Amino acid sequence: MKSSRVPSLLGLLLRPSTTTQTATPFLSAQTRLAHTKDEAKPPRVPSPIPFVPDVQTFLTLIGRGLKQHADKIPTWEALFTLNTEQLRELGVEPPRTRRYLLRWRQRFREGKFGPGGDLKYVQDGKAYLGVLETEKSPILTLRHAVNLPAEKKPEEVPRKELARVKGYKVKGLCNIAGPYALPAGPGKALIKVTEGMWEDRRGHKVDGGERRRAEVRFRRGIAERKAMREKMGY
């Protein structure tokens, strides 16, 4: 009797667990449900920034002629929630333009702005920069380009309210240099919304681009040699 019980007990211990087998489909179902919920979430709509307060400005800055479609996108929320099919129905063509717009939407969500994206004081699409001087020692003075309200000087604004601007620096004593910076008087510069200011420049294809370059140059060589022979009377 004892010998017959031993194999049966061993069989129970070595038998594959049914708990794991039944739990796996349940966990898989939970995982699928979680993925479905994530996919159903609407796209996040970022808040406007001082330099980009509306749809018109955003489309103007990213360039490629997208500002002509500003009247087709009624609100800031629509700008960041319309999918590619809806944009196509609104007449945003060609497809590469839609893809370009979607890429810039995602960059904006991630806080990846172009020049002027970190400006704090902007009015009617214009922002002013001034020169902030900081004395480190009797022989060392640091100068930084800062954004300040119009008609104000750096010394008239509390230091904690002055905002340094990325990509802009002071050359010499009072010249401010940086993308799209225009002189606005001694120690001041003006930045204003300009079409294509944030545009990703497309490369220029030479001889048909990399894929067709060899073929284009080969055919050109044949045409040039043929023209040379005809000119020489052969």
Side-chain angles (χ1 to χ4, degrees), residues 35-129 144-150 162-169 176-182 184 189-206 208-211:
H35 282 301
T36 304
K37 287 183 178 179
D38 289 340
E39 292 171 359
K41 287 182 180 179
R44 184 175 70 85
V45 179
S47 300
I49 59 176
F51 198 57
V52 190
D54 51 40
V55 175
Q56 176 77 35
T57 305
F58 180 82
L59 297 180
T60 299
L61 287 172
I62 65 177
R64 297 199 183 177
L66 274 163
K67 73 173 185 178
Q68 66 179 317
H69 301 296
D71 58 340
K72 302 172 185 176
I73 303 175
T75 64
W76 183 263
E77 182 178 356
L79 174 65
F80 285 90
T81 54
L82 292 171
N83 58 35
T84 185
E85 183 61 27
Q86 291 168 329
L87 289 170
R88 185 184 68 80
E89 292 174 358
L90 290 173
V92 180
E93 295 286 356
R96 67 171 177 270
T97 299
R98 294 196 297 272
R99 292 193 297 268
Y100 177 72
L101 174 57
L102 296 178
R103 286 199 306 271
W104 256 113
R105 282 193 339 188
Q106 186 57 33
R107 288 188 201 175
F108 197 91
R109 287 192 186 100
E110 297 171 358
K112 298 176 180 178
F113 309 130
D118 54 348
L119 291 168
K120 181 180 179 181
Y121 301 104
V122 184
Q123 185 175 1
D124 299 327
K126 298 178 181 179
Y128 288 89
L129 303 183
H144 302 288
V146 294
N147 178 214
L148 67 166
L162 292 172
R164 291 182 59 178
V165 187
K166 294 179 181 178
Y168 297 85
K169 58 185 179 180
I176 299 175
Y180 296 89
L182 303 173
L190 168 67
I191 303 173
K192 61 181 181 179
V193 172
T194 306
E195 184 175 5
M197 195 170 177
W198 292 5
E199 183 175 347
D200 293 337
R201 304 296 179 184
R202 285 178 286 198
H204 175 68
K205 287 187 176 182
V206 178
E210 293 183 1
R211 289 183 297 176

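Owing to the predicted nature of the structure, the values given are computational and were not obtained by experimental measurement. The basis for the numbers below is simple: all heavy atoms, side chains too, and nothing from hydrogens, waters or symmetry mates.
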How far apart are the C-alpha atoms of Leu87 and Leu102, what are their side-chain angles, what is the distance that settles it, and do they pass the side-chain contact (heavy atoms from CB on, under 4.5 Å) test? CA-CA 10 Å; Leu87 289 170; Leu102 296 178; 4.1 Å; yes
How close do Tyr168 and Ala181 get, heavy atom to heavy atom, and via which atoms? CE2-CB, 3.9 Å
Taking the side chain as every heavy atom from C-beta outward, state whether Leu59 and Leu101 have any atom pair closer than 4.5 Å. yes
Considering residues, nucleotides and ligands other than Arg164, do more than 12 of their heavy atoms fall under 6.0 Å from its CZ? no
Which residue is it: Arg64, Arg103, Lys112, Arg107? I am looking for the one with a salt bridge (charged side-chain N to carboxylate O under 4.0 Å, His left out) to Asp200. Arg107
With sequence neighbours left out, write down each residue that passes salt bridge (charged side-chain N to carboxylate O under 4.0 Å, His left out) with Glu89, or none if nothing qualifies. none
For Lys192 versus Met197, what's the shortest heavy-atom pair and its separation? O-SD, 3.8 Å
Determine whether Val52 and Trp198 satisfy the following criterion, side-chain contact (heavy atoms from CB on, under 4.5 Å), listing intermediate values before the conclusion. CA-CA 11 Å; Val52 190; Trp198 292 5; 3.6 Å; yes
Note, Pro43 side chain near Phe80 side chain (heavy atom, < 4.5 Å): no
Only pairs at least two apart or in different chains count here, so list each side-chain hydrogen bond (donor to acceptor under 3.5 Å, both in side chains) that has a residue in residues 46-59. Asp54-Thr57
Partner set under salt bridge (charged side-chain N to carboxylate O under 4.0 Å, His left out) for Arg88, not counting sequence neighbours: Glu85
Assess whether side-chain contact (heavy atoms from CB on, under 4.5 Å) is satisfied between Leu66 and Val92, documenting all intermediate values. CA-CA 8 Å; Leu66 274 163; Val92 180; 4.3 Å; yes
With a 6.0 Å cut-off (strictly less than), is the heavy-atom count around CD of Gln106, excluding the residue itself, greater than 12? yes
Evaluate the ring planes of Trp76 and Phe58, with Trp represented by its six-membered ring, and classify them as parallel (under 30°), tilted (30 to 60°) or perpendicular (over 60°). perpendicular
For Lys72, all residues meeting side chain to side chain donor-acceptor pair (under 3.5 Å), sequence neighbours excluded: His69
Nearest atoms (heavy-atom pairs only) where Pro50 meets Pro53: O-CD, 3.9 Å
Let me check something: any side-chain donor-acceptor pairs from residues 114-129 under 3.5 Å, sequence neighbours excluded? List them with distances.
from   : atom 1 : to     : atom 2 : distance (Å)
Asp118 : OD2    : Lys166 : N      : 2.9
Tyr121 : OH     : Glu161 : O      : 2.8

From CD (Glu110) to CZ (Arg44), nearest 0.5 Å: 8.5 Å
For residues Phe51 and Phe113, determine if any side-chain heavy atom of one lies less than 4.5 Å from a side-chain heavy atom of the other. no
Salt bridge (charged side-chain N to carboxylate O under 4.0 Å, His left out) against Lys169, all qualifying residues, sequence neighbours excluded: none
Measure the CH2-CG distance between Trp104 and Leu61 for me, rounded to the nearest 0.5 Å. 8.5 Å
Verify, without hydrogens or angle tests, whether Arg105 (side chain) and Leu79 (backbone) share a donor-acceptor contact under 3.5 angstrom. yes
